[in-house]
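Have a look at the structure below before the remarks.
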Number of protein chains: 2
Amino acid sequence: MPKVVDPDARRREVVDALFRVVVRDGLQRTSLRAVADEAGLNIGSLRHYFASQQELMDFAMQSMLDGLTDRLLRHVEDIGDLSRHPPVERLRLAAGLLAELLPLDERRRAEVTVFLDFNAAARTNPAFRDLSDQAAAGSRRLVRRVLTRLDESGTLRPGRDLEIETERLTALLDGLGLGAVRNPDVLSPQMCTAVLAAHLGDLAGEE
Amino acid sequence: MPKVVDPDARRREVVDALFRVVVRDGLQRTSLRAVADEAGLNIGSLRHYFASQQELMDFAMQSMLDGLTDRLLRHVEDIGDLSRHPPVERLRLAAGLLAELLPLDERRRAEVTVFLDFNAAARTNPAFRDLSDQAAAGSRRLVRRVLTRLDESGTLRPGRDLEIETERLTALLDGLGLGAVRNPDVLSPQMCTAVLAAHLGDLAGEE
DNA sequence: CACGTTGTATCACGGCCGTGATAAATTGTT
DNA sequence: AACAATTTATCACGGCCGTGATACAACGTG
């Protein structure tokens, strides 16, 4: 077997290049040729690893979602049982976990940026529908889970409708991401965390 | 002066056609040819009323913002002095006003959809920057204004940071719009209004 | 060395795009 | 009827796109 090049590594390099192009130029201008240039590859080489544009896009978005999922699972594992932390800490831990979905550093900023573009495209491009819907469902699940845990541990004010609160917090996170990506100067990382903390504080009914 | 055709009416027809194309196919696929077809015009005719694609896009987005602004001003005028309404009604009035920004019916759904696409494009297309930023600043101003009025009329729990609450409510509205456009089944108009009502209720500190 | 797999690089095709140039049709005014 | 401004309609150019076909280089194995 000739030409010893790890295909998986190459594919990851290409996906990294694709992310850079999407962040810099937008998904609309992310053509095979642009990605190949960014990766320092010939377009023929690129097409050796990804048979079609659709395959590349699917793999890229799936990679991003996998990475995010892993990070979230690790974060959840780090926290462990919520009841083993003092009540005062619980909101902070929840905020830290949910902040994985906010563009607070360069890595997360790139993730959210790419994700927003993919989502916008998914509205009218059926090829992206499944992954986009799956991502939306995942973040909604995470939020519901966090709220449920907080509620079960008695950290929330009683009488909350968890369905409504899930939609509210999910929408808040989406909106913060959107705003932080479009207007980073007014919706800085500090402002994002302050807003998230204020929201969770409200839910807990602190004075 | 021959050929009596009201140019403004034509331009409005073209913009309507553009909106339909954007909603149906996405901004990415909204070409001059597609808009001309949708409007039942020849592409040459279209270019007689809009010299360039950029001019058409600018005019379209400006038209949408103007229409929305008018509607908001009319709504604000309808409400009048907030202190002339019973305290119980104030939250409902505020919710109704802010709901102008949510996709609760077909008209607003189209507005929000187009707006989201324009916003996504504005991130990497400098040509849309100004109008997009202006729109974001406008909605932020409206939210701040509503919160200020509620606060001044003593409807809000004291001790709120209006800066943070403005960002929070703005992000919530953006996120609701995003979610309702992408997943109308889970984020129905009823759910949207319920979330908005819950949020304002929280701010007011109702039990 | 020769072979065959794997990777790299080019070319060409058809498609859609925005746009400039230009012709043709329409219609009120002179 | 002749004119001129307005509106409608075509054509062609260059550009970027995804993709198929195909040639060429590299290299472990026989």
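Here the structure is a predicted model, which means the values were calculated and not measured. All heavy atoms count here, side chains included; hydrogens, waters and symmetry mates do not. Protein chains get the first letters and strands the later ones, always in sequence-line order, with residue 1 at the start of each.
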*Give a yes/no on whether any side-chain N or O of A:Y49 is located under 4.0 angstrom from OP1 or OP2 of C:dT8.*
yes
_Atom pair distance, as rounded to whole Å: CG in B:N42 and P in D:dT10_ = 6 Å
*Are B:R140 and B:D174 within salt-bridge range, i.e. N to O under 4.0 Å?*
no
*With under 30° as parallel and over 60° as perpendicular, where do the rings of A:F128 and A:F118 fit, or are they tilted in between?*
perpendicular
_Is it the case that the side chain of A:R11 and the backbone of A:Y49 share a donor-acceptor pair, with hydrogens and angles ignored and the cut-off at 3.5 Å?_
yes
*Calculate the interatomic distance between A:Q28 atom CD and C:dG18 atom C1'; express it in whole Å.*
13 Å
*asked:* Nearest whole Å is fine: how far is D:dG18 C1' from A:N125 CG?
replied: 14 Å
*Whole Å only: how far is the CG atom of A:L46 from the C1' atom of C:dA9?*
13 Å
*Distance in angstrom units between A:L41 CG and C:dT10 C1', rounded*: 15 Å
*For A:E111 and A:M64, work out which heavy atoms get closest and say how close.*
O-SD, 3.7 Å
*For B:D37 and D:dA9, give me the distance from atom CG to atom C1', rounded to whole Å.*
13 Å
*Closer than 4.0 Å, any side-chain N/O of A:H48 to the OP1 or OP2 of C:dT8?*
no
*All side chain to side chain donor-acceptor pair (under 3.5 Å) counterparts of B:S153, not counting sequence neighbours*: B:T155
*Can you check the B:I43 CD1 to C:dA23 P distance for me, whole Å?*
19 Å
Filtered N/O pairs between nucleotides 14-17 of chain C and protein, under 3.5 Å:
residue : atom : partner : partner atom : Å
C:dC17  : OP1  : B:S31   : OG           : 2.7

*Would a distance-only check, ignoring hydrogens and angles, find a side-chain to backbone donor-acceptor pair under 3.5 Å from A:D117 to A:L27?*
yes
*State whether B:S45 places a side-chain N or O below 4.0 Å from either non-bridging phosphate oxygen (OP1 or OP2) of D:dT7.*
no
*Is B:L173 close to B:L102 at the side-chain level, that is, under 4.5 Å between some pair of heavy atoms?*
yes
*From D:dT8, D:dG20, C:dG20, nucleotide with atom closest to B:R47 side chain*: C:dG20
